[in-house]
Structure formats: structure tokens, C-alpha cells
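Worksheet for the structure shown next.
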Amino acid sequence: MRRPVQALLLALSGLGLLQATLFSDLFLRYVKEGMRPLLVASGVVLLALGAAEGWSSAARLRRAPADAPVSPEDPHGHDHGHGPPWVAWLLFLPALSLLFWAPPALGAYTASRETPQAVTVTGQDDFDPLPAVSPLPLTLGDFTRRVQQDRSRAVQGRTVLLAGFVTPDGSGDGWYLTRLILNCCAADAQSVKVRVHGVAAPKADTWVAVTGTWHPSGTLGTPSAEAGLDARTVERIARPSNGYTDGPPLVTR
């Protein structure tokens, strides 16, 4: 690949990273919030390298008539080399995609193929009393821990409020309210799911807030209990800017 093309590729890659990190939250579709400083630094370095390479190439072209090398094959000092192979031009696609078309965030397709994340084992004394509000907002992980580990059965009969995106169940029996959790980046995403009963599944990947009560299955407060919900209401909500966290519902009731 010729040096001017290399300079352009470096510059476009740097601009794409800065666009995704400084001027938008697009990077949150692929990595955790804590990666922003490193991505910004990488974008600045790539942009600087592209500018330096472009300056060097321009300076070389200005000097070419005076000091171009002369060889038997090229007595006039002209460059008769072939252009970059066509495969090299594919390197521009990732850079241009960050500027003009960012790949979508992970969703139901990924969640349906991921093994659900194991919830943290919590001791009986580690559960705080639940506030006396209805509906009770909980994260999907908190709800699952309460259902499977809280032997006081504090969620029994309580109307809870959960939020996530819709993942269809391939068996046709209900659907899942889902969150994807990142350890580092989208490549290591794991899912947290709560099965929803009693309401037809909205379109896959739709973000919704669901109110309902625990769906009896197994023994509440023991590992045999399923993290399931008998839904009463389903309300469509906007996807949070950082959807790769198991956060509380972002709705006000």
C-alpha cells in the first residue's frame, strides 16, 4: 500500500475513534465506559501518525524532481509500481463504518446464543430490607438473587419493575427480559435473563419495562426457583446509553 494511502487510512481510523468516543457514545456499543480514555488516546495517536505520514509523503513529492533515484529500470526516476492489492482497500471499511455507519449494539441474537451469567451467591444476612414501594424497581440480577437465594421470600407477592430488551424463547413458551453484561468488550458479553409469562412477546430487541410478580416455579428462596415473572404491564422504553449494564429501570411511575 502506498504511503499516501497509508496516511489516509491512519487518519480515517483516528477520526472514527474520536467520533465514537468524544462526540458520541457509540463506543458504548462495543466496550465498557472505562475504556473511553484509552480509545481517545488511540484516536489521537492514529490521527497524529496519519498527519505525520501525509506530511512526509508531501515533502518527498516536493523533493522528487531534484533528488529522485535513478536506476537502469527507471532512468527518469518515475514510480512504475503497481497500486495496492484490492484486499488492502478493505481496511478502509472499518474506518469508514465508524464515521458513517456504526454497527448496531449486541442484542437478542447474541443473548439467545450465550450461556446466562451465573448470579453471585449471596448469604442470607447480605440481603437488605426491600423498600415499601410498588412497583419495586430491581435489576434482573437482584431479582434472580432474591428469587433463588433469599429464604425470607421478601419478593413473594410483591409487584416488581424490571427493564431490559426482549429475547424470544425458541420453544414458544414465553420470552425473556434480558441484559447483556460486559467484562471488557462485546466479545465477552454474558446475559442475565428473566422469563416473562402471560404477555405476548414484543418484537425482538425492543427495550421494555415490565411490572409483575414472581412466577411460581420451584421453591422461592432456593436454587430450584425459576427467575420468572407473571407480567401485568409491558411498556416500551428507550435503550439506555450504556445498555451493557444490569441497571435499575430507567422509568418513573
Side-chain angles (χ1 to χ4, degrees), residues 28-29 104-120 122 127-150 152-182 189-253:
L28 292 175
R29 296 182 181 182
L106 301 181
Y109 179 84
T110 299
S112 64
R113 288 157 177 78
E114 290 289 335
T115 301
Q117 184 181 45
V119 296
T120 305
T122 305
F127 287 105
D128 296 326
L130 293 175
V133 297
S134 185
L136 171 68
L138 292 173
T139 68
L140 302 191
D142 288 341
F143 178 74
T144 301
R145 277 187 289 273
R146 290 280 184 174
V147 166
Q148 297 181 346
Q149 300 176 31
D150 185 3
S152 70
R153 303 183 179 184
V155 296
Q156 188 166 26
R158 295 292 302 271
T159 299
V160 299
L161 172 63
L162 310 177
F165 63 85
V166 176
T167 300
D169 177 15
S171 69
D173 179 21
W175 49 280
Y176 291 100
L177 191 64
T178 311
R179 291 279 191 145
L180 286 171
I181 313 299
L182 300 188
Q190 291 183 296
S191 63
V192 180
K193 300 178 182 178
V194 171
R195 184 184 288 271
V196 180
H197 302 268
V199 176
K203 184 180 178 181
D205 290 318
T206 303
W207 279 80
V208 294
V210 182
T211 62
T213 55
W214 175 66
H215 177 80
S217 178
T219 302
L220 185 62
T222 70
S224 68
E226 177 194 53
L229 199 69
D230 284 326
R232 295 180 179 174
T233 65
V234 177
E235 176 185 345
R236 184 168 182 170
I237 60 173
R239 182 185 188 276
S241 60
N242 188 356
Y244 295 135
T245 59
D246 187 19
L250 301 178
V251 295
T252 303
R253 289 177 179 270

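The model shown is predicted, which means the values in this text are computed figures rather than measured ones.
Annotation for Glu226 and Val147: closest pair O-CG1, 3.4 Å, computed over non-hydrogen atoms.
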key: Check against side-chain contact (heavy atoms from CB on, under 4.5 Å), Arg158 and Leu130   = CA-CA 10 Å; Arg158 295 292 302 271; Leu130 293 175; 3.9 Å; yes
request  = Begin with the C-alpha distance, continue with both residues' side-chain angles, and end with the deciding distance and a verdict on side-chain contact (heavy atoms from CB on, under 4.5 Å) for Val194 and Tyr176.
outcome  = CA-CA 5 Å; Val194 171; Tyr176 291 100; over 6 Å; no
task = Decide side-chain contact (heavy atoms from CB on, under 4.5 Å) for Val166 and Leu177; before the verdict, give the C-alpha distance in whole Å, the side-chain angles of both, and the deciding distance to 0.1 Å.
result = CA-CA 5 Å; Val166 176; Leu177 191 64; 5.5 Å; no
request  = Would you check, one step at a time, whether the test side-chain contact (heavy atoms from CB on, under 4.5 Å) holds for Val160 with Leu229?
outcome  = CA-CA 9 Å; Val160 299; Leu229 199 69; 3.5 Å; yes
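Taking CG from Leu161 and OG1 from Thr233, the interatomic distance works out to 7.5 Å, rounded to the nearest 0.5 Å. Rounding to the nearest 0.5 Å places CD of Gln190 at 12.5 Å from CG of Asp246. In this structure, CD on Gln148 lies 12.0 Å from OG1 on Thr219, to the nearest 0.5 angstrom. To the nearest 0.5 Å, atom CG of residue Leu180 and atom OG1 of residue Thr167 are 7.5 Å apart. Taken from CZ in Phe143 to CG in Leu138, the straight-line distance is 8.0 Å, to the nearest 0.5 Å. Between Glu235 atom CD and Thr211 atom OG1 the span is 9.0 Å, to the nearest 0.5 Å.
Using a cut-off of 4.0 Å between Lys/Arg side-chain N and Asp/Glu carboxylate O, Arg145 and Asp150 are scored as not salt-bridged.
Here Thr159 pairs with Arg232 under the side-chain hydrogen bond (donor to acceptor under 3.5 Å, both in side chains) rule; sequence neighbours left out.
Remark: the backbone N or O of Tyr244 is not paired with any side-chain donor or acceptor of Arg179 at under 3.5 angstrom. Under a 3.5 Å cut-off, the side chain of Thr139 and the backbone N or O of Asp142 do form a donor-acceptor pair. Judged purely by atom type and a 3.5 angstrom limit, Arg146 has no side-chain atom pairing as donor or acceptor with the backbone of Gly141.
Using a 4.5 Å heavy-atom threshold, the side chains of Phe127 and Gln149 count as touching. Side-chain contact check for Ile181 versus Ser191: every heavy-atom pair is 4.5 Å or farther apart.
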Listing, residues 198-207 side-chain donor-acceptor contacts under 3.5 Å, not counting sequence neighbours, or none:
from   : atom 1 : to     : atom 2 : distance (Å)
Asp205 : OD1    : Ala108 : N      : 2.5
Thr206 : OG1    : Lys203 : O      : 2.7

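In this structure, a donor-acceptor pair under 3.5 Å is present between the side chains of Asp230 and His215.
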